[in-house]
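Encoded as structure tokens, the structure appears first; notes follow it.
Atom set for the values below is all heavy atoms of this structure, side chains included, hydrogens, waters and symmetry mates excluded.
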Number of protein chains: 2
Amino acid sequence: MSLRDIARKIGMQPPSLYSYFDSKNAIYDAMYVQGCRQFVDGEPWDELTGEPLHDLRRLVEYFVRFCAAHPARYQLLFQRTIPGFEPSPESFAISQASLERVGHQLNRCGITDRRAIDLFSALGTGLADQQISNDPGGDRWIRLIDGAVEMFFDYMTKTTTPETPARGRRRR
Amino acid sequence: MSLRDIARKIGMQPPSLYSYFDSKNAIYDAMYVQGCRQFVDGEPWDELTGEPLHDLRRLVEYFVRFCAAHPARYQLLFQRTIPGFEPSPESFAISQASLERVGHQLNRCGITDRRAIDLFSALGTGLADQQISNDPGGDRWIRLIDGAVEMFFDYMTKTTTPETPARGRRRR
DNA sequence: GTCTATATTCTGATAGAC
DNA sequence: GTCTATCAGAATATAGAC
């Protein structure tokens, strides 16, 4: 989508956009902020129960469904595949804060391994990525979320605190 | 990169490319095939030992390192993010065959769950994706491969064949 | 604030000579 | 097979009138 297309969609002439944005990348940055806000505003924090497996599933499910529902935003926010664009520091800070909240939630679930957040994010991104690339509009990888999170939780609660009694674990 | 850039790089004039390819997408398709071949040719099948955890780690490590070393190919082959392009059926079949070999390898490792290949691919893609997006040139997610594969293997050998005695499992 | 008009550069692609 | 010449259109961006 070009500036022409944007302008036409909102009933403007292309040059008029420059009254609002300095450049095309400035528009991308605004969209980045908007996308972050939209993602953060929908985060299901108030739907968490304190039951680790349930809560982590909710987080991953929210992320994957968001990405699958808005693949262009997924590309803009999480893939960094738009040629000349990278978000401004202020904009990037918003998504950083969101990631940190996920880290804190992992801690609250008894997962303190320092690599946990990286592995967790890789798992979520992988599910979203495959869902978008190989089954757009479907739910083939969305249906794997519960199992994937269980896999992650089992592994993390075993290797980091092997002496801790299993909490809230379920099979299937 | 435009057709002009390609032509200049190989010391040709842009129109001469059309003696070899019908369109820009035809070039993409040839690159897709070339990328598939390159990936397949380097697959470490002859380095597998029969020890499930080792072999699966080798496969994932090869995939992630390939993607991290060739991010443009990663985008072309596995991300499908190039605007007007999708591979021709003949080209796509090559990558399909590669994925099927991974599925057979999972079977050989005693993993027969039908969702295993999807979860495995999501895990590999997620690691590659995060590595490229958030630590290009580094190894932050590459270092997670061993743990991630162990997590996957443990989960798959437990949930699908819970009565099977653990084979080749190691901690850390 | 929004417009018309336009600059400049790049894009993929074609015609036709050699 | 490769070239020169060129097309038709799209891209981002600017100047200046209303």
Side-chain angles (χ1 to χ4, degrees), chain A residues 1-39 67 70-95 132-134 136, chain B residues 1-39 67 70-95 129 132-133 136:
Chain A
M1 171 154 298
S2 65
L3 298 184
R4 269 180 167 70
D5 298 325
I6 297 173
R8 188 154 33 81
K9 282 230 175 189
I10 60 176
M12 265 186 179
Q13 293 299 319
S16 302
L17 295 173
Y18 284 84
S19 328
Y20 300 91
F21 303 98
D22 288 339
S23 67
K24 189 187 183 185
N25 276 348
I27 297 179
Y28 276 137
D29 203 59
M31 292 170 70
Y32 184 91
V33 171
Q34 190 180 55
C36 280
R37 295 250 164 80
Q38 186 183 356
F39 180 82
C67 295
H70 312 290
R73 276 204 176 93
Y74 170 68
Q75 214 174 328
L76 179 67
L77 296 179
F78 306 114
Q79 288 288 102
R80 304 293 184 77
T81 184
I82 287 154
F85 169 73
E86 66 178 63
S88 63
E90 311 89 84
S91 308
F92 185 59
I94 302 175
S95 66
I132 292 171
S133 296
N134 298 323
Chain B
M1 171 156 298
S2 64
L3 297 184
R4 271 176 165 72
D5 297 326
I6 296 174
R8 187 154 34 83
K9 281 229 178 192
I10 60 177
M12 265 185 175
Q13 293 297 320
S16 302
L17 295 173
Y18 284 84
S19 325
Y20 301 90
F21 303 97
D22 290 338
S23 66
K24 188 187 183 185
N25 276 349
I27 298 180
Y28 277 136
D29 203 59
M31 290 169 69
Y32 183 93
V33 171
Q34 191 182 53
C36 279
R37 294 249 163 81
Q38 187 183 356
F39 180 81
C67 295
H70 312 290
R73 277 205 174 91
Y74 170 68
Q75 212 174 330
L76 179 67
L77 296 178
F78 305 115
Q79 288 289 103
R80 304 294 185 74
T81 183
I82 286 153
F85 170 71
E86 67 178 63
S88 63
E90 312 89 85
S91 309
F92 185 61
I94 302 175
S95 66
D129 193 89
I132 292 171
S133 297

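Taking atom CZ of A:F21 as the reference point, atom P of D:dA13 lies 13 Å away to the nearest angstrom.
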**OP:** Summarise protein proximity over nucleotides 3-18 of chain C in one line of letters, 5' to 3': B for base, S for sugar-phosphate only, - for none, counting protein heavy atoms closer than 4.0 Å.
**Re:** BBB-----BBBBB---

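Qualifying salt bridge (Lys or Arg N to Asp or Glu O under 4.0 Å) partners for A:R4, counting only residues two or more places apart in sequence or in other chains: none. Applying the side-chain hydrogen bond (donor to acceptor under 3.5 Å, both in side chains) criterion to B:D5, with sequence neighbours excluded, gives B:S2, B:R8.
Using a 4.5 Å heavy-atom cutoff, the side chains of B:F85 and B:L76 are in contact.
Using a 3.5 Å distance cut-off with no hydrogens or angles, the side chains of A:S95 and A:Y32 do pair a donor with an acceptor. For the residue pair B:Q79 / A:T81, no side-chain donor-acceptor distance below 3.5 Å is found, with atom types taken as modelled.
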